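See structure below.
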Amino acid sequence: MTPRTRLAPSPTGEPHIGNMYVALFNWAFARQTGGQFLIRIEDTDRSRFVEGAEAMILEALQWLGLDYDEGPDRGGPVGPYRQSQRLEIYREHADRLLAAGHAYRCFCTAERLKELRQRPPQAGQAAGYDRLCRALDPAESARRAAAGEPHTVRLAVPLEGETRFADGLRGEITIANAMVDDQVLIKSDGFPTYHMAVVVDDRLMGVTHVIRAEEWITSTPKHVLLYQALGWELPQFYHVSLIRNPDRSKLSKRKNPTNVLWYRREGFLPEAVVNYLGMLGHSMPDQREIFTLAEFREAFSWQRVNTTGPVFDMDKFEWLNGEWIRRMPVEDLAARLRSEGFMPAGLPDAYVPGAVKLMQPRLKRLKEFADGVAFFVSRLPYEPALLIPDKKGKPLHTAAETCDALARMRAALAALPGWTAAALEPGMRSLAADLGWKHAELYTTLRVAITCRRISTPLFETMEILGREECLARVDGAIEKAQALA
RNA sequence: GGCCCUGUCGUCCAGCGGUUAGGACAUAGCCCUCUCAAGGCUAAGACACGGGUUCGAGUCCCGUCAGGGUCACCA
């Protein structure tokens with residue numbers, strides 16, 4: 001039997017990076033073993049349902065290249081793939097459990113349960129429900145239910161003993177049954193809880209490997225008990241570590257952006273996202289840190305998966321994104337800037353190849369491109385004083401000298417036989433010598449004249465791209481500004 | 001607090017009984033250099049603590065401590 005894995009997100013908001021992390025492991029394992037990877041939407045909580053959330057999750061998976069074999073939008077042999085469409089199935093299984101005495105109806109009110117929860121907890125005892133309704137006579141219970149009295153269905157957890165299961169990552173885990181609450185299986189609105197639905201669906205959908213986050217470990221005994229009560233064989237469990245905030249708490253959007261689509265909007269490449277997630281809690285056999293999704297899929301091994309919770313490090317993530325940007329052929333980068341919506345509308349096509357080439361080693365996020373090339377798009381306003389070179393705020397030349405220097409530059413530029421970076425640089429360097437300026441000083445003035453900023457892409461290559469006419473016009477503008485200063 | 005999971009540089013990852021404990025990000029310095037980057041070189045920086053087992057422990061066992069998770073008619 002080939003492995004079947006699944007991602008079971010609940011459509012309650014934006015696609016979470018932690019979900020994608022778990023998805024990556026599920027995907028890699030399934031793809032590597034020739035198995036299937038499916039998506040099941042866990043929408044059993046009507047109060048938390050968010051319209052459009054499902055679509056965003058699927059969009060995020062697609063963006064990252066984590067393709068799936070079966071899911072809500074593409075169907076499959078064991079559908080439907082939304083739990084809200086499977087209510088009858090859960091009901092039937094709950095009835096089976098009821099009939100076998102593995103579950104019972106609970107008529108306790110929400111108020112009563114709330115009070116119970118406020119009672120001080122006892123050592124070694126589960127904090128939850130006091131099992132009052134467990135003592136109800138089944139016939140009486142059935143009569144009340146038939147009469148329409150609201151109720152839930154609860155799992156009758158063994159009062160003694162312990163439940164154990166093997167975790168593929170952590171070995172055998174044992175939890176005393178006394179610590180396990182009589183979990184609600186079917187809510188009073190007829191919807192199943194996660195615990196009921198996940199077991200029934202994983203079984204019915206043929207899921208062989210349950211790969212999910214560490215936070216589920218302590219509720220796994222409930223699931224194991226359910227598998228046993230229904231007479232089913234256990235799947236293989238793998239609980240991967242939770243990604244952490246810098247303070248080591250569970251990654252949360254209060255402390256870190258967690259929406260994958262946010263990273264997309266910031267200009268992170270999907271290649272970098274899966275690469276970064278793939279190096280959290282997992283290492284490549286040869287210690288390589290930069291790898292493709294395909295390479296990850298090939299090399300993925302449970303033996304190389306860590307059980308410690310990695311801290312999400314934005315600095316390293318950005319570095320990695322920069323690496324991916326730099327490794328991309330210039331034409332591909334330009335195409336990507338366009339397709340991801342980071343190409344400024346006003347940037348002339350003729351400038352694009354050159355501008356992209358010059359920006360490539362300077363980008364950590366695609367989003368930074370627009371700002372970096374803003375002066376290519378238009379002549380930006382700037383403080384005239386920027387034209388005067390200074391050292392720690394102290395001007396090295398007067399406004400008049402700067403004005404003169406600009407005029408000399410203009411003449412030299414206009415007379416230059418060729419218009420290439422290779423020709424521009426020596427021309428300006430010798431002019432600096434003539435003027436008695438350090439060439440870096442002259443370049444500063446020229447840089448501001450051309451790019452309207454003190455920090456820019458390399459000056460002469462930028463000028464080559466802009467062309468003689470545009471550069472002369474910008475120098476003219478600078479001369480005017482410098483004159484006003486003098 | 002009970003229970004469960006985890007514990008190698010600030011961070012991510014190597015190490016799977018014998019290593020000068022290695023690499024990456026970040027940090028600092030130097031080089032390159034028209035600014036900013038990128039790139040190159042160098043530096044600093046870790047086995048939580050205490051007991052065992054063993055000729056020998058970062059690696060195995062136990063305890064302590066620390067961090068995290070979980071204790072819903074949420075997933």
Side-chain angles (χ1 to χ4, degrees), chain A residues 8-12 42-45 47-48 106 108-110 113-114 117 120-129 150-154 167 169-170 173-176 178-181 183-189 191-195 197-198 213-221 239 241-242 244 246-250 276 279-290 303-304 306-320 322 326 358-364 372 425 428-429 432 438-444 446-448 451 453-461:
Chain A
S10 72
T12 53
E42 311 238 323
D43 56 347
T44 56
D45 184 352
S47 65
R48 294 211 308 156
C106 173
C108 292
T109 62
L113 296 175
K114 194 177 169 193
R117 239 173 282 127
Q122 286 176 286
Q125 280 293 311
Y129 183 53
H151 64 277
T152 62
V153 175
R154 284 181 186 272
D167 184 290
L169 242 24
R170 299 160 199 266
I173 294 175
T174 305
I175 294 177
M179 297 306 303
V180 183
D181 198 12
Q183 181 61 46
V184 169
L185 265 18
I186 303 286
K187 305 182 231 180
S188 55
D189 64 4
F191 277 66
T193 57
Y194 169 82
H195 306 286
V198 77
E214 183 186 12
E215 56 189 331
W216 295 107
I217 290 178
T218 44
S219 48
T220 303
H239 289 96
S241 294
L242 253 7
R244 315 293 184 88
D247 68 1
R248 298 209 168 269
S249 56
K250 173 163 85 167
Y276 184 63
M279 66 197 265
L280 290 183
H282 183 270
S283 59
M284 296 297 264
D286 60 359
Q287 278 280 86
R288 164 170 48 132
E289 293 201 288
I290 299 181
Q303 297 209 355
R304 305 197 66 82
N306 259 160
T307 44
T308 49
V311 170
F312 190 92
D313 182 355
M314 190 63 95
D315 284 336
K316 187 152 190 176
F317 189 18
E318 284 198 308
W319 163 78
L320 191 62
R326 269 169 254 133
L358 295 185
M359 283 303 293
Q360 186 171 35
R362 295 172 168 72
L363 294 174
K364 283 205 180 82
E425 213 275 334
M428 290 302 100
R429 189 178 288 261
K438 287 184 177 161
H439 65 268
E441 294 164 14
L442 194 77
Y443 293 176
T444 294
L446 185 56
R447 180 186 310 283
V448 173
T451 73
R453 293 180 185 176
R454 279 287 176 85
I455 294 173
S456 76
T457 47
L459 181 56
F460 301 107
E461 285 158 279

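Throughout, a chain's letter reflects where its sequence line sits, starting with A, and its residues are numbered from 1. Side-chain atoms are counted along with the backbone in the values below, which use heavy atoms only and exclude waters and symmetry mates. Source: prediction; values computed, not measured.
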Heavy-atom donor-acceptor pair, [X] side-chain to [N] base, under 3.5 Å:
X       : N      : answer
S188(A) : C73(B) : yes
K316(A) : A24(B) : yes
R170(A) : C5(B)  : no

Between [N] ([atom2]) and [X] ([atom1]): distance, integer Å:
X       : N      : atom1 : atom2 : answer
R326(A) : C25(B) : CZ    : P     : 10 Å
H195(A) : C73(B) : NE2   : P     : 9 Å
Q287(A) : G23(B) : CD    : P     : 10 Å

Which one is paired to U33(B), where only Watson-Crick or G-U wobble pairs with both distances under 3.5 angstrom count?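 Here U33(B) is not engaged in any pair, so there is no nucleotide opposite it.
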Using both distances under 3.5 Å as the test, list the Watson-Crick or G-U wobble partner of A57(B), or none. none
Of E425(A) and F317(A), the one whose closest nucleotide on RNA chain B sits nearer the 5' end is F317(A)
Starting from the 5' end of RNA chain B, give me the residue, P310(A) or T12(A), whose nearest nucleotide shows up first. P310(A)
Select base, sugar-phosphate, or nothing to describe what [X] touches, counting heavy atoms under 4.0 Å on all strands.
X       : result
S283(A) : sugar-phosphate
T451(A) : nothing
T152(A) : base

Determine the minimum heavy-atom distance between R154(A) and C106(A), stating which atoms define it. NE-SG, 3.4 Å
Give me the ring orientation class for F317(A) and Y276(A): parallel if the planes are under 30° apart, tilted from 30 to 60°, perpendicular past 60°.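 Taking Y276(A) first and then F317(A), their aromatic rings lie parallel (interplane angle under 30°).
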